[in-house]
Amino acid sequence: MFVNGIVIPFIFPQFELNQYGLFQTKEEIDEYIAVREQFKQTHPPYTLEEGDFVTFRLHEIYLQ
């Protein structure tokens, strides 16, 4: 992946987002967060950005 000419490696290539840039299921989110936390504990500080995740569910409403 390139950003402004800089190569940024994919740290978690096993996870894919849907066409909207979101995880498809809550289980995928939970697994991603668990793998991310394990990565943070085994790598130098600030390798990943700091912060918490808020998990929410999107719904589409059709008005007639």
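Computed over heavy atoms, backbone and side chain alike; hydrogens, waters and symmetry mates excluded.
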Would Phe53 and Leu17 show up in the same hydrophobic cluster when neighbours are defined by side-chain heavy atoms closer than 4.5 Å?
-> yes

Flag yes if more than 12 heavy atoms outside Gln38 fall under 6.0 Å of its CD atom; otherwise flag no.
-> no

Are the side chains of Phe15 and Val35 in touch, meaning some heavy atoms are under 4.5 Å apart?
-> yes

What pairs of residues pass the side-chain hydrogen bond (donor to acceptor under 3.5 Å, both in side chains) test when at least one of them lies in residues 42-54, not counting sequence neighbours?
-> Arg36-Glu49

Excluding sequence neighbours, so at least two apart, what forms salt bridge (charged side-chain N to carboxylate O under 4.0 Å, His left out) with Glu27?
-> none

Just how far is it from atom CG of Asp30 to atom OG1 of Thr25, taken to the nearest 0.5 Å?
-> 8.5 Å

The reported gap from CD1 in Ile11 to CG in Leu48 (rounded to nearest 0.5 angstrom) is 4.5 Å

Heavy-atom nearest pair, Ile29 first then Phe23, reads CG1-CB, 3.5 Å

Taking Glu37 for the side chain and Ile33 for the main chain, is one N or O donor matched with an acceptor at less than 3.5 Å?
-> no

Can you sort out the partners of Phe12 under ring pair (Phe, Tyr, Trp, His ring centres under 6.0 Å), two or more places apart, ordered by chain and number?
-> Tyr32, Phe39

